Amino acid sequence: MMRFDFKALSDSCECGKEHKLDVRDIYLEPGALDRLPGVLSENQWNSPAILADENTWKAAGEKAYSLLEAEQIKCTSVILPPDGLHADEHGVALAEKDIDREIDVLLAVGSGTVHDITRYIANKCGLPFISIPTAASVDGFVSTVAAMTWKGCKQTFQAVAPLYVLADTDIFINAPRRLTASGFGDLLGKYTALADWRIANLLTGEYICERVIHLTEQALEAVVAAPEDCERIMYGLLLSGLAMQMVGNSRPASGGEHHLSHFWEMEVCNGPLDALHGEKVGVGLLLCAEEYRNIGNTLMRGDAVPISVDGLLEKELESGFPDVAMRDELRRENTPDPLASISGEDILRNSERICEIIDRIPTVSDMTELIRAAGGKITMADIGLDPALKDYSLCYSPYVRLRLTLMRLRKLIK
Ligand SMILES: [Zn+2]
Ligand SMILES: [Zn+2]
C-alpha cells in the first residue's frame, strides 16, 4: 500500500500559506473498496448515492452496491449513459434529477467525467463525497475544482474535494489501457506546468511553494520509472491532486500544455476530437516542450529582442476567435492582461534563470519514448488534429486562461 503523509503536507510551510487538506484518507491498495461500509458507518452516513456510468457501474458500482446491501445500507444508484456524457450542464442535469433530499453522501464511481459531475453536485447540495476511481486516467480525483464545459466554454468551478478516496488496484488495473495511458500523459504534462509556474514566479513574484513543487516532482518520479505500472500512475495522479488542493488551484498541474488541450476542446479551429483529456495534454506537452526549448535556445544565443505588445491582446482575440460570444468571454477572462506589467526586457534580464528552468524539462524525444511506452498518443494527427494547426494553436491557446505561461510570455520577444 502506498502511503500519503497528510500531516507532513499540511504542517506549517515556508511559503507562508496554510496548506489545508480536505481529504481525510486515501486508500490505494488491492481491495480498497471493501473499506466502503466501514467508512460510511464511521461517519454515520446512512443514505449514500452512487454516481456512475454504465461502464463504471459494471467495473465497480455493482460491487459497491452489493457491499452496502450486505450491511443493510439502502443505496440510490444513478447510472448515466456513457455515450456523449460530459461534465457539462446536461450531464449535471441528468445526474441531479435522481438525487433526493434523503441522500447524505455521494459516491463517485468512475473516472474524470463522473468525478467532475459529482464534485459539482456535492458542492451545490452541500454533500460530502467519496471518490472511487475506476481508472488511473486523470489527476482530478482529489482536486477542489471541477473542470466543466459550461455554455460551450471550458471552465473551472470551485467545488469540493472528496473526504475519502478508495483507489482499489483490483479495479483500476482492469481499466482499458487507453485510459491509463491518458493518465500518464496528464501526469507528464506537469513538467511544463511546473516550468511555467517557476518562470511566472521569477518574473512577477507570483506565489509559489517549494513543498508543492516537490510533491509534484515526486509524482513525476514515481511514473517515469515505470510508465506501464498503473498503480504508480494512480499514486502520481493522487499526489498531483493533493498538490492542487494544497494551493487551492490547478497552478502546479496545468500550464501551456493544458491550455493547448482546452483550446482544442473549445473547437476554435478544429472539429470535435475523439480524444481523452490526458491524450490531448500529452500531445500538447510535446508541442509545448519543443517550443520552450526553442525559446531557451534563442535566449541562450542572446539574439532575442523585446517587442511591444500594445494592443496585441485585442488584435489576437479578433484574429483568433471568430465566435463573438466566445471572444467576449475570453476578453473577460484576460482582464487584466497578464502581459501588461511585464516587458521583453524583463525576460532578457532573466534569460539565464529561465534557461535553467527550461532545461529541467526532459527532452521531447525522451518524453515521446515515455508516452509511447505507456501506450499513449504522440502527434496532433494521432488525436485527429491537422498538424497545420500547430502555429495557430500555439499562438492562441494562451488566451483560454488568465494564467501566465511561457507560451504567453514568448509574445514579448522575437
Ligand atoms: Zn507551502
Ligand atoms: Zn489534466
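Counting starts at 1 for both ligands and their atoms, in listed order. Treat the numbers as computed from the prediction; the structure is a model and nothing was measured. For reference, positions follow the sequence shown, starting with 1.
Annotation: angle subtended at the Zn ion (ligand 1) by Cys209 SG and Cys13 SG is 110°, to 10°. Between the NE2 atom of His258 and the OD1 atom of Asp186, the angle centred on the Zn ion (ligand 2) amounts to 90° when rounded to 10°.
The atom of His19 nearest to the Zn ion (ligand 1) is NE2, with the search restricted to N, O or S atoms.
Taking the six-membered ring for Trp, Tyr164 and Tyr27 have ring centres at least 6.0 Å apart. Remark: aromatic rings of Phe157 and Tyr120 are close, center separation under 6.0 Å.
Side-chain contact, Asp116 with Thr113: no donor N or O sits under 3.5 Å from an acceptor N or O. Side-chain N/O atoms of Glu265 and Ser261 include a donor and acceptor closer than 3.5 Å.
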